[in-house]
There are 2 protein chains.
Amino acid sequence: MSSVTINDVARQAGVSKKTVSRVINNEANVSVDTRDKVMAVINELGFKRNPLGMALAKNRSLFIALLADNPSPGYLQKLQKGILQCCSEEHMGLFLYDCSYRSPTLVHEIEEFIDNTLADGLILVPPLSDKQDLLDMLDRKNVCYIRIGPKDQGSGDSVGFNGSKAAFEMTNYLLQLQHTDIAFVLGHPDQQSSHRVEKGFRQALHDAGKTVNETLVVQGYYTYQSGVDAAGVLLSRTPRPTAILAANDEMAVGVLYAAHSLGIKVPEELSICGIDDISITTKVWPNLTSMRQPIATIGYRAALLLINKLQGKPMPEPLTPEDQSNIYDCELIVRDSTCPPAR
Amino acid sequence: MSSVTINDVARQAGVSKKTVSRVINNEANVSVDTRDKVMAVINELGFKRNPLGMALAKNRSLFIALLADNPSPGYLQKLQKGILQCCSEEHMGLFLYDCSYRSPTLVHEIEEFIDNTLADGLILVPPLSDKQDLLDMLDRKNVCYIRIGPKDQGSGDSVGFNGSKAAFEMTNYLLQLQHTDIAFVLGHPDQQSSHRVEKGFRQALHDAGKTVNETLVVQGYYTYQSGVDAAGVLLSRTPRPTAILAANDEMAVGVLYAAHSLGIKVPEELSICGIDDISITTKVWPNLTSMRQPIATIGYRAALLLINKLQGKPMPEPLTPEDQSNIYDCELIVRDSTCPPAR
DNA sequence: CTGAAAGCGCTTACAG
DNA sequence: CTGAAAGCGCTTACAG
């Protein structure tokens with residue numbers, strides 16, 4: 001604790017503490033001489049503004065919180081990384097709060113968390129970002145937040161990826177490989193993104209003049225285990241699908257495990273692919289083909305949007321169309337889990 | 001923001017704000033009548049103490065920070081969960097700070113982070129917890145911290161697992177299966193735990209009257225890729241080892257991948273096992289045998305130790321010998337990646 | 001058992 | 001361009 005305060009600086013520099021305050025906040029209306037003098041003393045004394053004093057005076061805490069539960073640990077990990085990067089650059093602290101989506105008292109717990117920490121703003125990760133009673137509470141409390149996920153649903157700003165396009169392109173890729181019996185594992189029905197992705201899958205099949213075989217579309221919940229279970233169902237179908245696309249990688253890994261357990265060769269007898277491109281895709285064997293979602297970029301962007309909003313700053317000029325829309329595109333990453341179907 | 005303050009409560013209850021302060025801090029020397037009256041008003045008005053005001057007055061911020069880099073994401077995830085659980089119970093906020101161990105300015109970056117957030121205390125995850133220049137800086141700044149990892153090295157309290165015992169037991173398990181050519185992948189040499197684990201491995205072999213084949217002990221760095229690389233070396237040895245024990249699961253997953261790539265059947269032709277029992281062990285095929293480290297418990301314990309230290313509270317009576325020593329034992333979890341060697 | 005005063009480190013009006 | 005006063009919401013001595 002470098003307990004040198006604004007008062008010490010003021011005394012040493014022979015100015016009022018208000019003037020010191022002006023300098024450290026980069027306000028206008030300070031003469032160059034005064035500013036230089038104050039800066040010199042600040043450096044000499046090693047003064048750092050105590051964020052707590054500022055927080056109390058401004059009634060803004062200077063930190064934000066990440067609220068998440070954990071459907072896909074790899075996803076959260078990358079998102080967190082991007083958010084942290086931005087927070088670090090903007091000198092914001094990041095609080096972590098683990099929730100469980102299923103808790104009946106979730107909204108109340110989060111309300112208590114906010115009261116306890118006084119975080120200025122919140123970043124909401126799906127499925128929390130699609131939970132209307134939570135958003136209602138935040139609106140009522142007048143808490144600033146940003147949602148990770150599709151835009152149209154719910155209130156508040158959001159940053160997300162183009163899920164329907166991702167699924168559309170991945171399905172097209174499988175069609176190009178000449179797959180005909182393509183199965184699809186849905187995400188959690190509570191999450192908007194799941195419906196987006198499903199839409200892209202159906203669209204691609206439709207555009208190719210195929211009809212969707214509804215027995216090959218099964219429910220999943222974005223978790224590893226739900227991928228295992230879905231694959232169990234799909235791989236007992238006759239004819240067996242030659243390719244399975246899962247709405248996220250976490251489930252795709254589950255599908256892969258199920259295939260191995262049944263002695264089905266991947267990709268020779270079954271192509272498997274997912275969406276997200278989380279780190280586990282390159283740890284399992286064979287490495288999974290996936291649509292790369294710029295997860296860290298999305299996290300970074302979400303944090304920046306929130307912080308700028310809190311500080312009343314306008315957003316910087318968007319460098320790309322994606323920065324403007326806050327909807328990011330995915331990129332197909334072909335690895336070893338997909339190939340043309342056996343004849 | 002429920003902007004009802006201690007002053008509002010005091011006025012409404014007809015007492016001084018100091019008395020209200022006494023009540024909310026559960027201090028002695030308040031008459032039952034007064035306490036009841038104040039409590040009634042608190043509930044009526046929905047008063048919650050503003051942590052910022054308290055923080056400034058007490059010069060303690062009421063949050064702690066988790067400093068980590070990311071050798072094994074699955075490990076960090078579980079640790080974080082335990083820490084968060086404790087923070088939530090103790091009404092502490094948890095800041096997150098991602099560092100990169102290799103950054104030449106790391107110590108300085110962390111110093112800046114502390115100044116910016118005023119976290120009361122820090123939880124240090126390996127390899128940070130073994131970094132002496134970092135510990136020196138924290139000691140100099142008089143920052144309270146707790147280390148995750150072995151005890152003897154470095155200053156400050158620590159919570160860890162019994163790595164040598166874990167490796168000892170796992171090696172014994174492999175010996176019981178009649179493995180003779182057992183290879184070992186070391187962890188990062190900067191981390192104390194790596195040396196512990198190595199010691200346990202050697203001890204078990206020694207106790208069984210075997211000499212260690214030094215060509216079967218190779219360097220790893222606790223990362224997935226280092227596991228892949230180490231396995232590449234080991235699996236080209238003649239005679240090939242029949243079992244590989246990696247110092248953590250993240251590397252064991254890499255070993256498994258390498259075995260698959262070479263067409264080596266696991267476990268029939270090669271047994272593989274690791275230490276930690278992170279979630280990926282049950283996502284890869286076959287599921288990995290591992291030593292379960294109570295990671296979340298360790299995280300919880302570390303947070304509790306730190307928080308009690310900050311609040312000057314004594315630790316609660318230890319319920320188990322492990323709680324007393326703060327060194328936790330592992331448990332062997334046999335899965336599908338180990339079996340007796342082929343004849 | 002209770003309270004008036006001063007203070008934590010900063011900022012917001014306001015005045016000059 | 002600069003500063004004196006009051007205040008953010010709480011706590012720490014101290015006095016009674």
Side-chain angles (χ1 to χ4, degrees), chain A residues 1-39 41-42 45-63 91 114-118 120 310-312, chain B residues 1-39 41-42 45-63 91 114-118 120 310-312:
Chain A
M1 309 292 171
S2 71
S3 47
V4 25
T5 78
I6 200 175
N7 285 307
D8 302 324
V9 175
R11 194 178 320 118
Q12 181 91 341
V15 298
S16 77
K17 64 182 185 182
K18 173 63 216 177
T19 298
V20 178
S21 174
R22 285 196 179 92
V23 172
I24 61 185
N25 285 297
N26 247 309
E27 286 174 31
N29 293 336
V30 183
S31 77
V32 180
D33 278 5
T34 310
R35 183 178 302 274
D36 288 350
K37 191 172 53 179
V38 171
M39 282 307 290
V41 174
I42 285 177
L45 264 44
F47 166 77
K48 308 242 172 141
R49 115 125 91 39
N50 182 329
L52 255 27
M54 170 179 167
L56 187 58
K58 300 190 88 149
N59 196 24
R60 296 207 306 100
S61 68
L62 282 193
F63 28 75
H91 297 286
I114 297 170
D115 290 337
N116 274 324
T117 60
L118 288 192
D120 286 332
L310 289 171
Q311 301 179 337
Chain B
M1 309 291 171
S2 70
S3 46
V4 25
T5 77
I6 199 175
N7 286 306
D8 302 324
V9 175
R11 194 177 322 119
Q12 181 90 342
V15 297
S16 75
K17 63 183 182 181
K18 173 62 216 177
T19 298
V20 178
S21 173
R22 284 198 179 90
V23 171
I24 60 185
N25 287 296
N26 246 309
E27 286 174 32
N29 293 336
V30 182
S31 77
V32 180
D33 278 7
T34 311
R35 182 178 303 273
D36 289 348
K37 191 172 53 180
V38 171
M39 282 306 290
V41 175
I42 285 177
L45 265 44
F47 166 78
K48 308 242 171 142
R49 110 126 94 39
N50 182 329
L52 257 26
M54 169 179 168
L56 188 58
K58 299 189 89 149
N59 195 26
R60 294 207 307 102
S61 66
L62 281 195
F63 29 74
H91 298 286
I114 297 170
D115 290 337
N116 274 323
T117 60
L118 288 192
D120 284 334
L310 289 170
Q311 301 179 338

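Heavy atoms only: backbone and side chains are in, while hydrogens, waters and symmetry mates are out. Just so it is clear: chains get the letters A, B, ... in the order the sequence lines come, proteins before strands, and each one is counted from 1.
C:dC1 atom P lies 13 Å from atom CD of B:E27, rounded to whole Å. C:dA5 atom C1' lies 10 Å from atom NZ of B:K17, rounded to whole Å. Atoms CG (B:N25) and P (C:dC1) sit 17 Å apart, rounded to a whole Å. When rounded to the nearest whole Å, the span between CZ of B:R49 and C1' of D:dT11 equals 10 Å. Here the P atom of nucleotide C:dG9 and the CG atom of A:L56 are 12 Å apart, to the nearest Å. Atoms CE (A:M54) and P (D:dG9) sit 16 Å apart, rounded to a whole Å. Nucleotide C:dC8 holds its P atom 22 Å from the NZ atom of A:K48, rounded to whole Å. Straight-line distance from the CG atom of A:D115 to the P atom of D:dG9: 14 Å, rounded to whole Å.
Listed pair B:N7 / D:dC10 fails the phosphate criterion, with no side-chain N or O lying under 4.0 Å from OP1 or OP2. Side-chain N/O atoms of B:S16 include none lying less than 4.0 angstrom from OP1 or OP2 on C:dA4. Between D:dG9 and B:T5, no contact under 4.0 Å exists linking OP1 or OP2 to a side-chain N or O. Residue A:R60 places no side-chain N or O under 4.0 Å from the OP1 or OP2 atom of D:dC8. Between C:dT11 and A:S21, a contact under 4.0 Å exists linking OP1 or OP2 to a side-chain N or O. Taking side-chain N and O atoms only, A:S31 has a distance below 4.0 Å to OP1 or OP2 of D:dT2. Contact annotation: A:N50 side-chain N/O to C:dC8 OP1/OP2 distance is not under 4.0 Å. Between A:T19 and D:dG3 there is a side-chain N or O to OP1 or OP2 distance below 4.0 Å. Look at B:T34 and you won't find any side-chain N or O under 4.0 angstrom from OP1 or OP2 of C:dC1.
With contacts defined as side-chain heavy-atom distances shorter than 4.5 Å, the pair B:V9/B:Q12 does not qualify. Inter-residue side-chain proximity for A:R35 and A:N26 is flagged as met; some heavy-atom pair is nearer than 4.5 Å.
Residue order along DNA chain D, read from the 5' end via each residue's closest nucleotide, puts B:L52 first among B:L52 and B:K18. Mapped onto DNA chain C by nearest heavy atom, B:V15 and B:G53 fall at different nucleotides, with B:V15 at the one closer to the 5' end. When each of B:R22 and B:K58 is assigned the nucleotide of DNA chain C with its nearest heavy atom, B:R22 is the one assigned upstream, toward the 5' end.
Under the 3.5 Å distance criterion, the side-chain polar atoms of B:N50 are matched with a main-chain donor or acceptor of B:L52.
The partner of C:dC14 is D:dG3, judged by Watson-Crick or G-U wobble contacts that both fall below 3.5 Å.
Atom OG1 of B:T5 sits about 7.0 Å away from atom CZ of B:R11, to the nearest 0.5 Å.
Here the nucleotide nearest the side chain of B:I24, chosen from D:dT2, D:dG9, D:dT11, is D:dT11.
Tested against B:V23, the residues B:M39, B:K18, B:K37 include a single side-chain contact (heavy atoms from CB on, under 4.5 Å) partner, B:M39. None of B:I6, B:N25, B:V20 except one satisfies the side-chain contact (heavy atoms from CB on, under 4.5 Å) rule with B:R49; the exception is B:N25.
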